[in-house]
Protein chains: 2
Amino acid sequence: MSIIKDDPLKDDPAKKSRIDSILQSARKLVEEAGFSNLTMDTIARNAGIAKGTVYLYFKDKNEVLEKVLETGFERMFERVSRNVEKEIEPEDKLKTLIYTNLMYIKENKYFFRTVFLDEVNVIFLRKKSQESFNRRRQRYAEFISKIIKQGSDAGKFKKINDQLKLSYFLISLIKTSAIYNFLNHKGGLFADMAAGYEERIKEEAYEIFDMFMNGIT
Amino acid sequence: MSIIKDDPLKDDPAKKSRIDSILQSARKLVEEAGFSNLTMDTIARNAGIAKGTVYLYFKDKNEVLEKVLETGFERMFERVSRNVEKEIEPEDKLKTLIYTNLMYIKENKYFFRTVFLDEVNVIFLRKKSQESFNRRRQRYAEFISKIIKQGSDAGKFKKINDQLKLSYFLISLIKTSAIYNFLNHKGGLFADMAAGYEERIKEEAYEIFDMFMNGIT
DNA sequence: TTGACTTATGACCATATAGTCATTATAATA
DNA sequence: TATTATAATGACTATATGGTCATAAGTCAA
């Protein structure tokens with residue numbers, strides 16, 4: 001059991017800032033070198049503390065990794081759902097979802113690399129954490145699933161048996177598009193967050209939307 | 001440099017059978033426990049030889065992993081392309097491609113888990129092998145790309161700028177579908193290779209084809 | 001200032017495992 | 001059969017790293 005979850009002092013600001021600085025350190029290292037090269041010693045040093053100290057705030061390495069993933073996912077999901085819920089029509093919801101998701105990926109290399117590019121991280125987690133990882137994923141898919149149902153009920157999308165599966169399809173299209181552009185523009189997507197940036201992401205989002213709605217014919 | 005590639009004696013049947021038995025052992029272990037739990041000692045023991053012996057036939061662990069992946073991919077690619085080339089119309093080619101690919105995944109848990117479910121393996125490979133992994137992937141995407149071009153030129157598919165990207169989309173749909181069914185039928189897809197088996201895969205293939213061609217509207 | 005309590009430290013331990021190599025077994029050849 | 005060449009062995013080394021814990025530093029109330 002982690003201090004984070006169970007310690008009644010979790011609101012102690014000193015404690016919280018230690019935890020944050022550890023997580024921030026881990027996040028930065030993951031961003032730079034990926035999950036596979038993450039060691040407790042490096043995390044500690046990069047946070048300016050000793051290894052033993054990390055264990056005062058986290059049960060084990062796994063808990064650090066999990067928290068890194070969790071916070072990244074939570075942020076994305078909150079942003080996406082906040083934006084999506086402003087829309088009324090299911091088509092607009094999907095468009096907004098795709099766009100916001102892509103934006104988030106572009107702005108958060110580390111999350112992109114860990115959760116999307118590498119699915120990799122999963123195997124570094126213990127069984128229990130794998131489950132929580134899948135649960136998060138599932139939650140996102142279910143969120144999308146409701147939108148599809150709405151469109152389906154309104155007669156805008158065709159009748160679909162397995163809406164959940166389609167949701168996973170959409171997630172994988174978003175992910176694939178991000179990976180593809182990442183690999184084929186040599187990080188350019190990250191390099192130029194400036195001119196025409198949002199415009200290009202809008203185009204990319206539309207491509208995905210069009211693919212998902214109409215296919216290739 | 002590996003003995004496999006450079007030794008003029010590579011056609012020595014005794015040598016070849018040793019190599020095969022090592023690869024087969026590794027393949028089986030990957031299938032059972034995944035890449036992350038693969039050790040050289042286990043591979044050797046499972047093949048009924050000593051660890052040192054493995055190093056007489058493979059430069060290092062990485063080379064073993066790479067060969068396992070390579071042979072798996074080659075087999076799939078050959079089977080898919082052989083079947084696809086029997087077809088004439090691009091739609092039929094795509095249908096056949098999806099179906100054959102799914103069949104292969106279903107029949108080869110180990111390959112499915114390593115190359116599709118876990119993309120995981122990639123990080124266990126050294127830089128050089130990552131490249132060869134991506135090259136193989138790219139080769140498959142290019143193969144699909146040609147089919148799409150054919151359909152596009154014939155006016156059957158809409159005009160598409162980036163056919164290669166669409167090919168990656170299709171690959172990810174196939175993969176996602178396989179993962180989804182795997183996770184949601186608790187291995188059932190593997191368990192019952194018997195009655196109605198091919199029929200269900202045909203349905204699954206058609207779903208993907210339909211999604212790719214027509215989207216959800 | 002003192003002593004009790006909290007927090008931090010990093011040397012150390014335990015473990016896992018890739019890869020080596022002196023030794024031994026087997027096969028080939030004379 | 002004796003000699004040489006080749007193949008196989010597995011104990012051993014080297015290294016990496018997660019996690020521990022005795023010790024030290026810091027904090028604070030009395």
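Excluded from the calculations below are hydrogen atoms, water molecules and symmetry mates; all remaining heavy atoms, backbone and side chain alike, are included. Numbers restart at 1 for each chain; the letters A, B, ... are given by sequence-line order, proteins then strands.
If you measure from atom CG of B:Leu56 to atom C1' of C:dG19, you get 12 Å, rounded to the nearest angstrom. As a whole-Å value, the separation of B:Leu38 CG from C:dT17 P is 10 Å. Atom P of nucleotide C:dA25 and atom CD1 of B:Ile49 are separated by 18 Å, given to the nearest angstrom. In this structure, OH of A:Tyr55 is placed 14 Å from C1' of C:dT9, rounded to the nearest angstrom. The nearest whole Å value for the distance from the CZ atom in A:Phe58 to the C1' atom in C:dA8 is 16 Å. Taking atom CZ of B:Arg18 as the reference point, atom P of C:dA27 lies 11 Å away to the nearest angstrom. Counting to the nearest Å, the C1' atom of D:dA8 and the OH atom of B:Tyr57 are 8 Å from each other. For A:Lys59 and D:dG19, the NZ to C1' distance is 13 Å, given to the nearest whole Å.
Look at B:Arg139 and B:Glu74 and you find a salt bridge, because one of the NZ, NE, NH1 or NH2 atoms lies within 4.0 Å of a carboxylate O, short of that distance.
Applying the salt bridge (charged side-chain N to carboxylate O under 4.0 Å, His left out) test to B:Lys149 and every residue at least two apart in sequence or in another chain returns B:Asp153. By the side-chain hydrogen bond (donor to acceptor under 3.5 Å, both in side chains) test, A:Ser25 is found to be paired with A:Asn46, residues two or more places apart in sequence or in another chain being considered. With sequence neighbours left out, the side chain to side chain contact (heavy atoms under 4.5 Å, CB included) criterion links B:Lys95 to B:Asp92, B:Tyr206, B:Phe209. Legend: residues meeting side-chain hydrogen bond (donor to acceptor under 3.5 Å, both in side chains) with B:Thr42, ordered by chain and number and at least two apart, are B:Thr39. Not counting sequence neighbours, the partners of B:Glu85 by the side chain to side chain contact (heavy atoms under 4.5 Å, CB included) test are B:Ser81, B:Phe143. Residues forming a ring pair (Phe, Tyr, Trp, His ring centres under 6.0 Å) with B:Tyr168 (at least two apart in sequence, or on another chain): A:Tyr180. Partners of B:Asp41 under the side-chain hydrogen bond (donor to acceptor under 3.5 Å, both in side chains) rule, at least two apart in sequence or in another chain, are B:Arg45.
Where the helix from C:dT1-D:dA30 to C:dA30-D:dT1 starts and where it ends, the local axes point in directions that differ by 10°; five pairs per end, rounded to 10°.
Contact check of residues 39-48 of chain A against DNA chain D (heavy atom, cut-off under 4.0 Å) returns A:Thr39, A:Met40.
Atom-to-atom distance recorded for A:Asn83:CG and A:Asn101:CG is 11.0 Å, nearest 0.5 angstrom.
Checked by distance alone, A:Lys61 brings no side-chain donor or acceptor within 3.5 Å of a matching partner on the base of D:dG19.
Distance from the side chain of A:Ala50 is smallest for C:dG10 among the nucleotides D:dA7, C:dG10, C:dT20.
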